[in-house]
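Accompanying notes for the structure given below.
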Protein chains: 2
Amino acid sequence: MKNRLKDLRTERAWTQADLAQRVGVSRQTINAIETGKFDPSLPFAFRLAKLFNLKIEELFLDDQ
Amino acid sequence: MKNRLKDLRTERAWTQADLAQRVGVSRQTINAIETGKFDPSLPFAFRLAKLFNLKIEELFLDDQ
DNA sequence: GGCCGATGTCAAGTGTGCTTGACATCGGCG
DNA sequence: CGCCGATGTCAAGCACACTTGACATCGGCC
């Protein structure tokens, strides 16, 4: 499950801490997801997609 | 996080066990998600959306 | 070189997604 | 009524999503 988080975040010149605050999780969680440590929960994925005005399928790529 | 699982499943005349097998989880997991006990993981939500040919946003409704 | 903000990562703890196994209930059908 | 498949639900256990706190590293800037 790859994602475009890091690109979208840096495009906007946000730090991991900035993004974490906007979606209500810890900075370590953002870092773990960007670096592929684990996948976000579904409600968290919805909040991220909403923030970037994208469909979940546009943010997260199913590589099985 | 509401979902349209039960409707889509019964439209196709599938049992919970049928659906569980198609997406690779236990029957109890399907039941728990249909009855709102908890939300599926993101990879599992992708499998369900793919099975029904829907966007994740069309299957799961964010009610926060 | 020395400072500092941003990032990566570890450890330990909590909550939840999901499992197997079991049992109760409901509805349709003989 | 009695049977049976489908559904709902409980308990116990495991894996993972996420937390706080801490520390190492990297890059830019003085």
Side-chain angles (χ1 to χ4, degrees):
Chain A
M1 188 113 286
K2 297 194 180 305
N3 69 73
R4 298 174 45 208
L5 260 193
K6 186 167 189 165
D7 284 348
L8 292 161
R9 176 177 64 77
T10 54
E11 276 175 13
R12 286 160 178 75
W14 293 342
T15 65
Q16 292 182 344
D18 288 338
L19 177 55
Q21 192 178 3
R22 281 173 196 264
V23 290
V25 295
S26 68
R27 179 185 70 83
Q28 287 86 336
T29 295
I30 296 294
N31 186 70
I33 292 173
E34 283 191 358
T35 56
K37 296 280 192 309
F38 49 69
D39 297 321
S41 69
L42 189 57
F44 179 26
F46 264 82
R47 274 183 271 146
L48 284 168
K50 204 169 289 183
L51 178 62
F52 290 115
N53 278 312
L54 292 173
K55 301 277 181 206
I56 289 183
E57 284 87 351
E58 294 169 335
L59 228 189
F60 298 94
L61 310 175
D62 195 17
D63 51 2
Q64 62 253 4
Chain B
M1 188 114 282
K2 299 197 179 305
N3 69 74
R4 299 174 44 208
L5 260 193
K6 185 167 190 166
D7 285 348
L8 292 161
R9 176 176 63 78
T10 54
E11 275 175 14
R12 287 160 179 75
W14 293 343
T15 67
Q16 291 182 345
D18 288 338
L19 177 54
Q21 193 177 3
R22 283 172 195 265
V23 290
V25 295
S26 69
R27 180 185 70 82
Q28 286 86 335
T29 295
I30 296 294
N31 186 69
I33 291 172
E34 282 191 358
T35 55
K37 295 277 191 308
F38 51 71
D39 297 321
S41 69
L42 188 57
F44 180 26
F46 264 82
R47 275 183 271 148
L48 285 168
K50 204 169 287 184
L51 178 62
F52 291 116
N53 278 313
L54 293 173
K55 299 279 181 204
I56 289 183
E57 284 87 351
E58 295 169 334
L59 229 189
F60 299 93
L61 311 175
D62 193 17
D63 51 2
Q64 58 254 11

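Every chain is numbered from 1 and lettered A, B, ... according to where its sequence line falls, protein lines coming before strand lines.
Within 4.0 Å of B/Ser41, counting heavy atoms only, lie sugar-phosphate atoms of the nucleic acid but no base atom. B/Thr15 comes within 4.0 angstrom of sugar-phosphate atoms only, judged by non-hydrogen atoms across all strands, and of no base.
In this structure, CE of A/Met1 is placed 15 Å from C1' of D/dC16, rounded to the nearest angstrom. With rounding to whole Å, A/Leu19 atom CG is found 10 Å from C/dT7 atom P. For the pair A/Trp14 CH2 and C/dA6 P, the computed distance is 15 Å after rounding to whole Å. Distance, A/Gln16 CD to C/dT9 C1': 11 Å, rounded to whole Å. Atom P of nucleotide D/dT7 and atom CD of B/Glu34 are separated by 8 Å, given to the nearest angstrom. Atom P of nucleotide C/dA6 and atom CG of A/Leu5 are separated by 18 Å, given to the nearest angstrom. Rounded to a whole Å, the CZ atom of B/Arg9 is 13 Å from the C1' atom of D/dG5. Between the CZ atom of A/Phe38 and the P atom of C/dG17 there is a distance of 14 Å, rounded to whole Å.
The two residues A/Arg9 and A/Glu34 have their closest heavy-atom pair at NE-OE2, 2.5 Å. Taking all atoms of both residues into account, the shortest heavy-atom contact from A/Asp62 to B/Phe46 is CB-CD2, 3.6 Å. Heavy atoms only, all atoms of each residue included: A/Ala49 and A/Ile56 are closest at CB-CG1, 3.8 Å.
For the pair A/Arg12 and A/Asp18, the salt-bridge criterion is not met [side-chain N within less than 4.0 Å of a carboxylate O].
For the pairing with A/Leu19, the side chain to side chain contact (heavy atoms under 4.5 Å, CB included) check across A/Val25, A/Leu8, A/Ile30 returns one residue only, A/Ile30.
Checking the phosphate oxygens (OP1, OP2) of D/dC18, no side-chain nitrogen or oxygen of A/Ser26 falls inside 4.0 Å. At D/dT9, one or more side-chain N or O atoms of B/Lys37 fall inside 4.0 Å of OP1 or OP2 (strictly under the cut-off). Within the structure, a side-chain polar atom (N or O) of A/Lys6 is placed less than 4.0 Å from OP1 or OP2 of C/dG8.
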Which atoms of nucleotides 21-23 of chain C (N or O only) lie under 3.5 Å from a protein N or O atom, and what are those distances?
from   : atom 1 : to      : atom 2 : distance (Å)
C/dG21 : N7     : B/Gln28 : NE2    : 3.3
C/dG21 : O6     : B/Gln28 : NE2    : 3.1
C/dA22 : N6     : B/Gln28 : NE2    : 3.3

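Two residues, B/Ala32 and A/Pro40, neighbour DNA chain D, and the one matched to the more 5' nucleotide by heavy-atom proximity is B/Ala32.
Nearest to the side chain of B/Ile33, among C/dC18, D/dT9, C/dT19, sits C/dC18. The side chain of B/Asn31 has D/dT7 as its nearest neighbour among C/dC18, C/dG8, D/dT7.
Counting heavy atoms from C-beta outward, B/Arg47 and B/Arg22 have side chains that stay 4.5 Å or more apart. Two residues are said to be in side-chain contact when any heavy atoms from C-beta on lie closer than 4.5 Å; A/Asp39 and A/Phe60 fail this criterion.
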